[in-house]
Amino acid sequence: MSLENLFCKNTGKTLTALCVMAVNLFTGCGYNENAQVHSKVDFVQDNYVETIQSQVKADAKTNSNTVTEDHLKDEEDVITNDERSTENMLKLFINDEEIQVIWEENESVEALKNLAEDKPIIIDMSMYGDFEQVGSIGQSIPRNDKQMTTSAGDIVLYSGNQLVVFYGSNSWAYTKLGHIENTSAEEMKKRLGSGDVNVTISITE
């Protein structure tokens with residue numbers, strides 16, 4: 001082998017080695033840089049996910065507390081309304097026996113409530129026509145008379161100042177005040193058809 005060929009061969013090996021080193025150097029640097037970039041991205045993503053999860057949990061807790069508070073407030077409102085309704089309920093007694101009545105919602109019933117708030121309304125009733133007991137409430141109250149046919153258990157206002165409780169039926173212009181519930185016509189006749197009675201109207205305390 002000539003000296004020239006030997007020189008070229010060695011030079012080629014040197015250049016090859018340098019190229020390999022350069023490739024490894026640049027490839028390694030790129031890998032490290034990419035690794036660092038990926039590491040930073042992963043760190044930011046992890047922190048972002050943790051932040052979102054924490055926010056979701058906080059929002060869920062806040063919403064839960066809000067729903068609970070609203071539910072409790074609704075329950076308190078219902079209880080308050082029920083208490084007010086009970087406190088303002090009219091009670092009716094016939095000869096000192098409390099009678100269950102479904103009262104109408106009108107001005108006449110409200111006027112009776114206002115009268116009963118001051119003191120119980122005591123009415124001496126008298127039989128009339130073999131179908132009703134009637135008595136004066138002591139003063140006139142608002143009325144809205146309508147033609148109707150009554151039935152046993154009906155309570156009406158007549159002429160604006162007379163309370164009428166029916167144990168029979170009659171057709172006339174009255175203002176409906178209420179109806180005695182869970183009592184048959186026969187029971188009403190036994191209760192009211194044997195003589196005059198005393199009626200008391202009061203407010204639930």
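These numbers were taken from a predicted model, which means no experiment stands behind them. For this chain, numbers begin at 1 and follow the sequence in order.
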(request) Measure across Ile141 and Ala111 and return the closest heavy-atom pair with its distance rounded to 0.1 Å. (result) CB-CB, 3.8 Å
(message) Between Glu187 (side chain only) and Ser184 (backbone N and O only), is there a donor and an acceptor less than 3.5 Å apart?
(response) yes
(request) Answer with yes or no whether the hydrophobic clustering places Met127 together with Val156; edges join I, L, V, M, F, W, Y residues whose side-chain heavy atoms lie under 4.5 Å apart. (result) no
(message) I need the Leu90 CG to Lys113 NZ distance, nearest 0.5 Å.
(response) 6.0 Å
(request) Please identify each residue that fulfils side chain to side chain donor-acceptor pair (under 3.5 Å) with Thr175, with sequence neighbours left out. (result) Asp145
(message) Restricting to non-hydrogen atoms, name the atom on Pro120 and the atom on Ser202 that form the minimum distance, rounded to 0.1 Å.
(response) CB-CB, 4.2 Å
(message) I'd like to know if the side chain of Ser169 reaches the main chain of Ser151, judged simply by a donor and an acceptor atom lying under 3.5 Å from each other, with no hydrogens or angles considered.
(response) no
(message) Could you walk me through whether Thr200 and Leu92 satisfy the side-chain contact (heavy atoms from CB on, under 4.5 Å) test, starting with their C-alpha distance in whole Å, then the side-chain angles of each, then the deciding distance to 0.1 Å, before giving a yes or no?
(response) CA-CA 6 Å; Thr200 301; Leu92 184 139; over 6 Å; no
(message) For the residue pair Asn106 / Asn144, report whether a side-chain donor-acceptor contact shorter than 3.5 Å exists.
(response) no
(request) Determine whether Leu177 and Leu163 make a side-chain contact, defined as any pair of heavy atoms from C-beta on separated by less than 4.5 Å. (result) yes
(message) Quick check against the 3.5 Å criterion: does Asn170 have a side-chain atom that pairs as donor or acceptor with the backbone of Thr149?
(response) no
(request) Measure across Val109 and Glu104 and return the closest heavy-atom pair with its distance rounded to 0.1 Å. (result) CG2-O, 3.4 Å
(message) So, taking the atom named CD1 in Ile203 and the one named NZ in Lys91, what distance separates them when rounded to the nearest 0.5 Å?
(response) 10.0 Å
(request) Flag the pair Phe93 / Asn198 as yes when at least one side-chain heavy-atom distance between them is below 4.5 Å, and no otherwise. (result) no
(message) One thing to verify: whether Arg191 and Glu97 come together as a salt bridge, which I'm taking to mean a side-chain N less than 4.0 angstrom from a carboxylate O.
(response) yes
(message) Centre-to-centre under 6.0 Å for Phe166 and Tyr174, is that the case here?
(response) yes
(message) Do Leu192 and Ile94 have side chains that approach each other closer than 4.5 Å (heavy atoms only, starting at C-beta)?
(response) yes
(message) Around atom CD of Glu105, are there more than 12 heavy atoms from other residues, nucleotides or ligands closer than 6.0 Å?
(response) no
(message) With side-chain contact (heavy atoms from CB on, under 4.5 Å) as the criterion, how do Asn161 and Gln139 come out once you've worked through the C-alpha distance, each side chain's angles and the decisive distance to 0.1 Å?
(response) CA-CA 6 Å; Asn161 59 8; Gln139 66 181 75; over 6 Å; no
(message) Which heavy atom of Ser108 sits nearest to which heavy atom of Leu157, and what is that distance?
(response) OG-CD2, 3.9 Å
(message) Assigning hydrophobic clusters by single linkage (Ile, Leu, Val, Met, Phe, Trp, Tyr; side-chain heavy-atom cutoff under 4.5 Å), is Ile121 placed with Val199?
(response) yes
(message) Tell me whether Glu186 is salt-bridged to Lys189, with the criterion being a basic N under 4.0 Å from an acidic carboxylate O.
(response) no
